[in-house]
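Worth saying up front: this structure is predicted, and the values here are computed from it rather than measured. Letters A, B, ... are given to chains in the order of the sequence lines, protein chains preceding strands, and every chain is numbered from 1.
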Amino acid sequence: MTGRIARLLPSPGGIASAALGFAILVALWWSTSALFHVRAVILPSPPAVWQALLEMAEAGSLRQDVLTSLSELAWGFLIGASAGLLAGVALARSRALGAFLEPLIETFRFIVPFSLVPLVVVWFGVSIAGKIFVVGYACVFVVAINTAAAIQGIDPLVLKAADMLGVRGWRLLLQVVVPAALPRILTGLQLALAYAWVSVIAAEYVGSSAGLGYLITNAQSGLETAKVMAGMVVIGILGICFSQLIILARRIAVPYATSSGW
Amino acid sequence: MKRPGGSAPAGIRLAAVGFILAGWVVLAWAFHSPRLELFPAPWLVAVRFVELSRTELGADILASLGVAAGGWALGCLLGVALGLLIGRVALARLVLRPLIDFLRFISPLAWVPLAILWFGIGYWSKASIIVLISMFTVVVNTVQGASAMDSETGKASRSLRLRLPQRMEVGLMSAMPDILVGLRYALGAAWGGVVLSELVAGNTGLGALEGYGGQSFDVAQIMVGMLTLAVLGYVANWGFMRLQRRLFPWIIANRAS
């Protein structure tokens, strides 16, 4: 019987599956808070959280927090991913540069990005520059390592065939190297975007004056649990949007690469 | 990241290490100020390290390790159990997989304020975050391993008439390479979670050490925290690989890198 139901279920890892999970969670949550009369400071009911969300949206503070977090994400991801792409190409294509960069990456990779948070608060204060620094730092290594692996992993036969057909220079790069390496590079970017979004929230916990991370810690110190959960829902929904964006980009850019859920 | 063309020239590697140290010294010199040391030189950080190691560093390291180890172990146990359940039992897959698909998008780190509200500032407000981080990482990898079990292995264990515990062992071992990758990723991610939750909810631990350093503009203390965390993270990763090679020598070491 379960086999027949399983065929009706959305594919794992997709947005439909996540929506179903959300429905299950809300049902569990609602029944727990209604049946056991949990105090609102521990577990507010879903309508209370919805109410808190509406209040913040009407006051305009939610919009400001979301915009702050998004601009930190955009700048941090842009800077970190570009640096990572350049470093990855250098690692893969140049022996000397690669030998120079590899120990650098292997050293700095182990410095936890979140351990930079107090440092950037001292350096940059509450401005978004420090958050961008942390977010960029969290992205750069995963992009560099995946890009290097993607370029090194190109089938040498493909390169030999291109060479035999007289494809060189820019045409080799654009028509052979990029299409062959792009799926793995996109995997790196996908991971980096997820890391970046986590780091935005994490960097806003300490020493900031706006953003979704600030919103939930601030609400926590005021014991406004409904606001905390509303903020978490916004963080989750934006996270789903980003991952769908990358999946869409993947489908457009590399329709030939197969991908699967878990 | 091994290049097929032999090992990298040792001179260039040495130059990279020299570059890090020289860059640090130059930056420290450029930002030097007698009133507020924003970028302390390596030797100042070394002095601060010795000072701190005489007072609170040891206790902070132990506190951080306790949170990380406890949360990681519990999260991994839950993750493997849930993962095997989802991978092998259809009913569990129907209910649990969508739930995890949704919860995965709310980063475990976004639970920190809620964990503080639920558990107060203490061991469990931090360890529960590590449990979440490790669990989500391990579940996904375990499901991959458990559902990709070789059908020949399944047939062989049936034709040998293995009993249930033995069949469970076969399932666990065939999923083991993927599980171990998940466990190792979880170890790295958990370490990040420890720092962050100690920064927010901490009165002890390396994250709290950094937090106090930040509050008193003591950059050298922050850097001691950063470097200690990096070294411990490196040692944990290295130790995990050693242990994996000893316990499961049949797993090709390359897969993990």
Any idea how Phe141(A) and Tyr137(A) line up, ring-wise: parallel (<30°), tilted (30 to 60°), or perpendicular (>60°)?
perpendicular
Parallel, tilted or perpendicular: ring planes of Phe39(B) versus Phe31(B), cut at 30 and 60 degrees:
parallel
[X] (side chain) donor-acceptor with [Y] (main chain) under 3.5 angstrom:
{"X": "Ser94(A)", "Y": "Ala90(A)", "result": "no"}
{"X": "Asp101(B)", "Y": "Ala18(A)", "result": "no"}
{"X": "Trp191(B)", "Y": "Leu229(B)", "result": "yes"}
{"X": "Trp72(B)", "Y": "Leu183(B)", "result": "yes"}
{"X": "Ser125(B)", "Y": "Gly120(B)", "result": "yes"}

Heavy-atom pairs under 4.5 Å with chain A are the metric here; pick the option from [options] that has the most.
{"options": "Val219(B), Leu38(B), Val195(B), Asn141(B)", "answer": "Leu38(B)"}
{"options": "Ile222(B), Val231(B), Asn237(B), Leu227(B)", "answer": "Ile222(B)"}
{"options": "Gly192(B), Pro113(B), Gly214(B)", "answer": "Pro113(B)"}
{"options": "Ile116(B), Val200(B), Leu232(B)", "answer": "Ile116(B)"}
{"options": "Val17(B), Leu109(B), Leu103(B)", "answer": "Leu109(B)"}

Based on non-hydrogen pairs under 4.5 Å, which of [options] is most in contact with chain B?
{"options": "Thr225(A), Val206(A), Val121(A), Leu28(A)", "result": "Thr225(A)"}
{"options": "Ile24(A), Ile240(A), Leu116(A)", "result": "Ile240(A)"}
{"options": "Ile216(A), Thr217(A), Ile235(A)", "result": "Ile216(A)"}
{"options": "Gly239(A), Gly236(A), Ser115(A)", "result": "Ser115(A)"}
{"options": "Val198(A), Val117(A), Ile201(A)", "result": "Val198(A)"}
{"options": "Ala194(A), Ala19(A), Gly21(A)", "result": "Gly21(A)"}

Whether the Gln190(A) and Ser243(A) side chains hold a donor-acceptor pair (N or O, under 3.5 Å, no angle test) is what I'd like checked.
no
What is the distance from atom CG of Leu101(A) to atom CZ of Phe108(A), rounded to the nearest 0.5 Å?
11.5 Å
Atom pair CG/CD1 of Leu114(B) and Ile129(B) - distance to nearest 0.5 Å:
8.5 Å
Using non-hydrogen atoms and a 4.5 Å limit, figure out which bit of Leu238(A) sits close to chain B: side chain, backbone, both or neither.
neither
Under a 4.5 Å heavy-atom cut-off, does chain B meet the side chain of Thr107(A), its backbone, both or neither?
side chain
Sort by residue number and list every member of residues 20-30 of chain B having a non-hydrogen atom under 4.5 Å from chain A.
Ile20(B)
Does Phe242(A), at its CZ atom, have more than 12 non-hydrogen atoms belonging to other residues, nucleotides or ligands within less than 6.0 Å?
yes
What do you reckon, is CZ of Phe240(B) surrounded by more than 12 foreign heavy atoms closer than 6.0 Å?
yes
